[in-house]
J.: 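Below is the structure I would like to discuss, written out as C-alpha cells.
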Amino acid sequence: MKFTKMQGIGNDYVYVNCFEETVKDPAAVARYVSDRHFGIGSDGLILIKPSDIADCEMDMYNLDGSQGAMCGNGIRCVAKYVYDYGIVKKENISVSTKSGIKYLDLTVRDGKVALVRVNMGSPVLTASQIPVVSSTEEMINAPLKVNGETYYITAVSMGNPHAIVYMTDVDHLDIGEIGPYFENHMAFPDRVNTEFVEVLDDHTLKMRVWERGSGETLACGTGACAVAVASILNGHVDGEKPVTVKLLGGDLEIFWDRQENLVYMTGPAATVFDGEIDLSFLE
Ligand SMILES: N[C@H](CCC[C@H](N)C(=O)O)C(=O)O
C-alpha cells in the first residue's frame with residue numbers, strides 16, 4: 001500500500017489516497033501502521049476518498065482502530081494532499097466527513113499548500129448530543145468525579161466529544177495517569193477527548209490533550225476549537241478577536257463567529273514523506 005506521512009502541528013497520520021488504493025480493513029491497518037516501533041508510527045490512519053457530495057471525503061481512524069467523526073489537524077492535511085497532488089486544483093475546497101461537509105480555504109506558497117483555514121461548523125453544547133450524561137442541559141464548568149477527585153469540566157462537541165478542564169501548570173500534569181480515567185469515564189457513552197487548559201492571557205491558551213483512541217498527541221484541532229469555545233463561555237478569553245491556542249506541537253488560531261455561530265481554525269499542514277508498505281499479511 002502506498003501512503004503519505006503528513007502532520008498538522010505534530011499530530012501525525014498515515015494518509016492513503018483511496019482515489020488509487022483500496023484499504024480492506026482500515027481499523028486493522030490503523031493499528032498496525034500507527035505502531036511507532038513495529039509499524040510506520042503515527043496517531044492513526046486517514047483515508048482520502050472520492051465523494052459525490054464534496055471535492056473528497058476524509059475517513060479517519062485513531063491508533064486503536066476506532067473511527068473518529070472529525071479531525072481538525074487531519075482535514076488540513078487532506079486539503080494539502082488533494083491540492084499538492086493535483087486531485088483538486090482549487091484554493092477553496094470541500095471535504096465530506098462523518099460530521100458533515102467542511103469548507104476550507106488554502107494559502108498556497110511556491111505551488112504548495114502552506115496554511116489552511118477551516119470552517120469547523122457550529123459547536124454543540126447540549127449534553128445529550130455530545131454525548132455526556134448530565135443532570136443539566138449543558139455542562140459548563142460542572143463538577144465531575146474522576147478517579148476519586150472532583151474536576152470542573154466544560155463539555156463541547158465539534159462533531160466529536162470533548163471535555164475541557166482548566167488548571168495551572170499543564171506542563172507538569174501527569175496526563176498519562178489521569179487521561180485514561182477521563183477517556184473511559186462512564187459519563188461519556190462514546191468515550192471522550194480531554195483537554196487540560198492553562199489560561200495565559202485574554203487571547204492566549206495553552207493546552208495538552210489526551211485523545212480518545214490515541215492517547216496524548218502533540219495537537220488536536222477539534223480540541224483546540226472546543227477549548228476556545230469553552231474558554232469564551234467561561235469568560236477566560238475575549239471572544240471578540242481570534243484566540244491563539246498553544247499546543248505541544250505548535251499554535252492554532254481559532255475564531256468563533258458568534259453571529260454565524262461558526263468556528264474557524266487556521267493552521268499549517270506539512271508532508272513528511274511518501275512510502276510503500278507491505279500489508280499482505282493482514283489479508
Ligand atoms: N481522537 C479524535 C479524532 C482525532 C481528532 C484530532 N486529532 C483533531 O485534530 O481534531 C476522536 O476520536 O474524536
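Only a predicted model underlies this, so the values are computations on that prediction, with no experimental measurement involved. Just follow the structure's listing: the first ligand is 1, and inside any ligand the first atom is 1.
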J.: Centre of Tyr15's six-membered ring, under 6.0 Å away, within 45 degrees of the axis: is that where NZ or CZ of Lys5 sits?
T.: no
J.: Please tell me whether Tyr13 and Phe3 form a close aromatic pair, meaning their ring centres lie under 6.0 Å apart.
T.: no
J.: Is the terminal nitrogen or CZ of Arg208 (NZ for Lys, CZ for Arg) located under 6.0 angstrom from the six-membered ring centre of Trp210 and within 45° of that ring's axis?
T.: no
J.: How far is atom 2 (C) of ligand 1 from its nearest protein heavy atom, and which residue and atom is that?
T.: Asn193 OD1, 3.3 Å
J.: What atoms of ligand 1 come closer than 4.0 angstrom to any heavy atom of Cys220?
T.: 6 (C), 8 (C), 9 (O), 10 (O)
J.: Suppose I only count heavy atoms of Met60 and a 4.0 Å limit; which atoms of ligand 1 are within that range?
T.: 3 (C), 4 (C)
J.: If the contact criterion is a heavy-atom separation under 4.0 Å, does Gly213 count as touching ligand 1?
T.: no
J.: Considering non-hydrogen atoms of the protein only, which is the closest contact for atom 1 (N) of ligand 1, and what is the distance?
T.: Glu211 OE1, 2.7 Å
J.: Is Tyr13 touching ligand 1 with its side chain, its backbone, both, or neither, if touching means heavy atoms under 4.0 Å apart?
T.: side chain
J.: Are Ser231 and Asn234 linked by a side-chain donor-acceptor pair shorter than 3.5 Å?
T.: no
J.: Only heavy atoms count here, so choose which of Asp43, Asn62, Asn73 is nearest to atom 3 (C) of ligand 1.
T.: Asn62
J.: In ligand 1, which numbered atoms sit nearer than 4.0 Å to a non-hydrogen atom of Gly72?
T.: 8 (C), 9 (O), 10 (O)
J.: Examine the side chains of Asp105 and Tyr103 and answer whether a donor and an acceptor come within less than 3.5 Å of each other.
T.: no
J.: Quick test of your reading of the structure: of Gly221, Ser99, Gly267, whose heavy atom lies closest to atom 8 (C) of ligand 1?
T.: Gly221
J.: Against heavy atoms of Met70, which atoms of ligand 1 measure under 4.0 Å?
T.: 3 (C), 4 (C), 5 (C)
J.: I'd like to check which ligand 1 atoms, numbered from 1 as shown, lie under 4.0 Å from a non-hydrogen atom of Thr222.
T.: 5 (C), 8 (C), 10 (O)
J.: Take Lys206 and Asp251 through the test salt bridge (charged side-chain N to carboxylate O under 4.0 Å, His left out) and record every step on the way to the result.
T.: CA-CA 9 Å; Lys206 182 179 199 181; Asp251 296 357; over 6 Å; no
